[in-house]
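What follows is a single structure, written as structure tokens, with notes after it.
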Amino acid sequence: MSAAPPMGLLLELTHRCPLQCPYCSNPLALERAGVELGTDAWLQVLDQAAALGVLQVHFSGGEPTARKDLAVLVRRAAELQLYGNLITSGVLLDATMLAGLAEAGLDHVQLSFQDVEPTNADRIGGLAGGHARKLVAARLIREARLPLTLNFVIHRQNIARVPQMIGLAEALGAQRVEIAHVQYYGWGLVNRAALLPSRGELDGATAVVEAARERLKGRMNIDYVTPDYHAARPKSCMGGWARRFMNITPSGTALPCHAAETLPGLQFPSVTAMSLAEIWESSPGFMRFRGTEWMAEPCRSCDRREIDWGGCRCQAFALTGDAARTDPACALAPDHAMMAEAVAARGEAPPDFVYRRIGAAIGNS
Ligand code: SF4
Ligand code: FES
């Protein structure tokens, strides 16, 4: 099949980050600074993305502001008329850096928070004083007149404070707030019992979000991402495998999603060896789960197969050992009982977090 161009490109410029969130979407084996692509290679990626028809570029990490050439890359994206979004923890931002990014043509900043309660926020992120630095960053972003989205990743250890999270977004003048339940891949899966909310906690948060959406209509948008573990149907992960998004790792591997390297038997090319267009249109890793041809039952004959695209391949592999099975989040999947079993196994009190650290082995926190 011929593929429409990806809408968005996520550049994981670095895995370096001052925070160590226990649900980080980066892989368990983080890439060190020495293997990161240089400035020229990233500029070529941007040129090729624009030629391919990409519309949005997300500068991400790790912490993308750890890269000294960030403004150079933002400027090239703006020159190519790519919508540039910075996804940041904010803890390295200062007024000078923000002025430089705004002047280079950055379009939008997405700032993450771990909680609204400072002690708990700093404990979750593993950085003392991190929350206070984020509050300063939010004010600087608004002073630089950049549109701001606040991102809160929620879980059983902060879910009670969703009302205050929305209140903080209002107080800081955000245009949008994203309340996203943890997704359980990578570090999130390692820490699942420490993070997974109960059904009652989920329903309480959902009711708060729905009421706030009504109250804030026309003033602030609220995006809400629910957890698969209490769902009857899976989410359309990445909008379908290799249909809308491409990720590039710090060392230049092109992926259809951030966790694709966990899937055995798939090879993903480097942007230093192949053009983005070739990778997108014909590389076997991108073709493997694109569309519906690869599906077995129950997805193959399901009327939702072009809505959720069979759910998440990486979650299917992580939970069942087979990336081609129906995502266990689907109530029609033969493995669906695994979700309820994980909820039942979460325990009365959350266990300690295993933190994300470069060079850290699992269980070595
Ligand atoms: Fe989606 Fe497959 Fe479940 Fe149908 S059977 S809802 S296509 S995951
Ligand atoms: Fe890889 Fe969902 S994270 S397909």
Side-chain angles (χ1 to χ4, degrees), residues 19-28 112-117 119-126 151-165 178-210 224-235 237 258-259 262 308 311-322 325-357 360-365:
L19 275 76
Q20 304 160 23
C21 302
Y23 43 74
C24 180
S25 65
N26 287 158
L28 297 182
S112 66
F113 280 86
Q114 279 64 39
D115 199 340
V116 286
E117 200 284 300
T119 307
N120 204 41
D122 289 355
R123 179 184 69 87
I124 293 167
N151 167 269
F152 290 94
V153 176
I154 61 169
H155 45 80
R156 70 186 293 190
Q157 300 200 39
N158 66 6
I159 195 167
R161 288 178 288 285
V162 171
Q164 293 89 336
M165 293 173 190
E178 185 176 274
I179 308 282
H181 284 265
V182 169
Q183 302 298 311
Y184 295 95
Y185 324 111
W187 293 98
L189 188 57
V190 170
N191 284 300
R192 185 173 64 185
L195 295 164
L196 194 57
S198 67
R199 179 83 222 191
E201 288 168 334
L202 166 65
D203 290 345
T206 304
V208 167
V209 168
E210 282 171 0
Y224 186 51
V225 180
T226 54
D228 277 340
Y229 281 71
H230 296 286
R233 294 290 181 270
K235 63 186 175 302
C237 191
H258 53 269
T262 61
D308 63 39
C312 175
R313 296 305 87 224
C314 302
Q315 179 156 275
F317 173 73
L319 296 181
T320 75
D322 180 356
R325 281 178 84 79
T326 297
D327 186 337
C330 180
L332 303 173
D335 307 300
H336 185 61
M338 300 176 87
M339 308 309 258
E341 285 160 15
V343 173
R346 65 194 266 287
E348 282 302 309
D352 289 344
F353 287 136
V354 178
Y355 281 97
R356 166 202 186 280
R357 284 186 192 127
I362 299 298
N364 192 23
S365 66

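Across all their heavy atoms, V182 and G188 have their closest contact at CG1-CA, 4.4 Å. A pairwise comparison of heavy atoms in L196 and R156 identifies O-CD, 3.3 Å as the closest pair. Of all the heavy atoms in Q114 and C21, the pair that sits closest is NE2-SG, 3.3 Å. Closest approach of W187 to N26, counting heavy atoms only: CD1-O, 3.4 Å. Here the closest heavy-atom approach between residue T326 and residue C330 is recorded as CG2-CB, 4.0 Å.
R123 is listed as a side-chain neighbour of F353, based on a closest heavy-atom distance under 4.5 Å. Using a 4.5 Å heavy-atom threshold, the side chains of L319 and M339 count as touching.
Residues forming a side-chain contact (heavy atoms from CB on, under 4.5 Å) with S25 (at least two apart in sequence, or on another chain): H258. In this view, V208 and V162, P163, I166 satisfy the side-chain contact (heavy atoms from CB on, under 4.5 Å) rule, not counting sequence neighbours. Here R325 pairs with T320, D322, P334, D335 under the side-chain contact (heavy atoms from CB on, under 4.5 Å) rule; sequence neighbours left out.
Judged purely by atom type and a 3.5 angstrom limit, N158 uses its side chain to pair as donor or acceptor with the backbone of V153. Within the 3.5 Å criterion, the main-chain N or O of V354 finds a donor-acceptor partner in the side chain of N191. Checked by atom type and distance alone, the side chain of H230 never pairs as donor or acceptor with a backbone atom of D203 at under 3.5 Å. For the pair H336 (side chain) and P328 (backbone), a donor-acceptor distance under 3.5 Å is present. Judged purely by atom type and a 3.5 angstrom limit, R313 has no side-chain atom pairing as donor or acceptor with the backbone of C237. Not one N or O on the side chain of Q315 forms a donor-acceptor pair closer than 3.5 Å with the backbone of D327.
Here the CD atom belonging to Q20 is positioned 13.0 Å from the CD1 atom belonging to I124, to the nearest 0.5 angstrom. With rounding to the nearest 0.5 Å, the separation of CG in L28 from OH in Y185 is 14.0 Å. The CD atom of E117 sits 6.0 Å away from atom CZ of R161, with the distance rounded to the nearest 0.5 Å. The distance from atom NZ of K235 to atom SG of C312, rounded to the nearest 0.5 Å, is 5.5 Å. Taken from CD in Q157 to CD in E201, the straight-line distance is 10.0 Å, to the nearest 0.5 Å. Rounding to the nearest 0.5 Å places CZ of F152 at 6.0 Å from CD1 of I179.
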- Hey, mind stepping through L332 and R233 against side chain to side chain contact (heavy atoms under 4.5 Å, CB included) and telling me if it holds? CA-CA 8 Å; L332 303 173; R233 294 290 181 270; 3.8 Å; yes
- Give the intermediate values and the outcome of side chain to side chain contact (heavy atoms under 4.5 Å, CB included) for residues D115 and M165. CA-CA 7 Å; D115 199 340; M165 293 173 190; 4.1 Å; yes
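Taking the six-membered ring where tryptophan is involved, the planes of Y184 and Y229 are perpendicular, since the angle between them exceeds 60° and thus also 30°.
Here the options are L202, V225, D228, the test is side chain to side chain contact (heavy atoms under 4.5 Å, CB included), and the partner is H181; only L202 passes.
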